[in-house]
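Working notes, structure below.
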Amino acid sequence: LAEVHTIATGDQAKFSFDDNSLFRVGLVASGDGDLHRQELVGGSYTVKTDWYGVAIYTELERFLSGAIKWNDLIDRVALSFEGHLNELIYTAFSESYDGLRSTRKVEGAYDEDKLLELTDHISVSAGNVKPVIYGTRTALRKISRQVGETSDGMRDEMNKVGFLGTLAGIDLIALPNAYKAGTEEFAIDNDTLIVLPENEKTVTVVLEGDALAQDNDIFDRHDLQKEFKFLK
């Protein structure tokens, strides 16, 4: 869902997007070259960056005895940052729903006809690019189970993967879920389907500058605690 850009400290990347609208074609009289001119105007945006950080520690005795595998904890810091980034991406995506035109979103109980109509809108608005449907495995399984008659091969696919790979010729792609920080609440709910043009990136992630990391010596602190800090 996201494209990632890395820039130097102090830089600010500017991103542009195109207007995919078609030009209006009008009836003109023979020999009349006085046509109303049209222009497509896209837009641009920048991404503001913020610092994010994690600090961990353990008591001296636990570190020296090997009760704590310090390198494993540092690896978990990296996984925590990855999870936090995923949460930011999902949040940015879900908060964009309110700004969508009425033809680009459907709310309420699942209706296959409405879903397919939505995929047509998404496809046409993107220049007839093939649409794809994203969702959690549970969400995709819900719509797969509402398909009418199924063949032995389809039932076997449902059993092995959990959902059908296509719906009316449209690919279904499972999104990896993530917990919201400090909770066991999923970042993506199991009642949401996301329709996008194929290979479309809808979120821009900017990483500015280098990461800062400090793995301290135990004598750097009066309490001799082992500490690690990471900022990005």
Side-chain angles (χ1 to χ4, degrees), residues 1-6 15 17 45 47 52 75-127 129-147 150 153-207 232:
L1 295 178
E3 58 179 356
V4 180
H5 300 269
T6 300
F15 305 94
F17 56 89
Y45 62 95
V47 177
Y52 292 92
D75 290 341
R76 194 175 302 180
V77 168
L79 291 174
S80 299
F81 255 82
E82 181 180 331
H84 180 69
L85 184 57
N86 285 340
E87 183 182 342
L88 291 176
I89 292 171
Y90 293 149
T91 300
F93 194 92
S94 62
E95 288 180 350
S96 69
Y97 292 161
D98 292 339
L100 295 176
R101 299 174 188 172
S102 59
T103 56
R104 311 286 175 83
K105 61 182 177 181
V106 175
E107 298 177 323
Y110 173 71
D111 185 304
E112 183 177 295
D113 291 337
K114 290 183 179 180
L115 176 60
L116 294 180
E117 181 181 0
L118 175 62
T119 62
D120 287 341
H121 277 293
I122 298 302
S123 175
V124 172
S125 65
V129 176
K130 179 183 176 182
V132 294
I133 299 173
Y134 294 90
T136 64
R137 184 179 62 173
T138 301
L140 297 181
R141 182 172 178 82
K142 287 180 180 179
I143 66 174
S144 297
R145 292 173 65 179
Q146 298 193 46
V147 174
T150 56
M154 294 169 71
R155 287 191 290 272
D156 187 52
E157 183 179 10
M158 280 276 288
N159 186 51
K160 288 182 178 179
V161 183
F163 58 92
L164 297 177
T166 58
L167 175 70
I170 301 171
D171 291 337
L172 306 181
I173 301 177
L175 289 172
N177 218 323
Y179 282 144
K180 293 183 178 180
T183 73
E184 291 191 0
E185 180 183 353
F186 288 124
I188 304 180
D189 67 69
N190 292 321
D191 294 315
T192 298
L193 299 173
I194 301 166
V195 181
L196 291 175
E198 191 174 39
N199 298 320
E200 182 77 4
K201 304 293 186 181
T202 61
V203 177
T204 303
V205 178
V206 175
L207 304 175
K232 178 66 177 173

**Request:** Identify, with sequence neighbours excluded, every residue that meets side chain to side chain contact (heavy atoms under 4.5 Å, CB included) alongside Val47.
**Result:**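 Applying side chain to side chain contact (heavy atoms under 4.5 Å, CB included) to Val47 gives Phe15, Tyr45, Thr204, Val206.
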
**Prompt:** Mind checking what makes side chain to side chain contact (heavy atoms under 4.5 Å, CB included) contact with Asp75, not counting sequence neighbours?
**Reply:**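 Asp75 satisfies side chain to side chain contact (heavy atoms under 4.5 Å, CB included) with Asp72 only.
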
Mind listing the closest non-hydrogen atom pair of [X] and [Y] along with its distance?
| X | Y | value |
| --- | --- | --- |
| Tyr134 | Leu140 | C-CD2, 4.3 Å |
| Leu196 | Ile122 | C-CG2, 3.9 Å |
| Ile89 | Ala2 | CD1-CB, 3.8 Å |
| Asp113 | Asp111 | N-OD1, 2.9 Å |
| Lys130 | Gly169 | CE-O, 4.1 Å |
| Glu198 | Val129 | N-CG1, 3.8 Å |

**Message:** Here's a test for you: under side-chain contact (heavy atoms from CB on, under 4.5 Å), which of Ile170, Leu118, Leu116 qualifies with Val195?
**Reply:**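 Running side-chain contact (heavy atoms from CB on, under 4.5 Å) over Ile170, Leu118, Leu116 with Val195 returns exactly one hit, Leu118.
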
Using a 3.5 Å distance criterion without hydrogens, assess whether the side chain of [X] forms a donor-acceptor pair with backbone atoms of [Y].
| X | Y | answer |
| --- | --- | --- |
| Thr166 | Asp171 | no |
| Ser144 | Leu164 | yes |
| Ser123 | Thr119 | no |

**Asked** Can you find a pair of side-chain heavy atoms, one from Leu115 and one from Leu167, that are under 4.5 Å apart?
**Response**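 Yes, close enough: below the 4.5 Å cut-off.
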
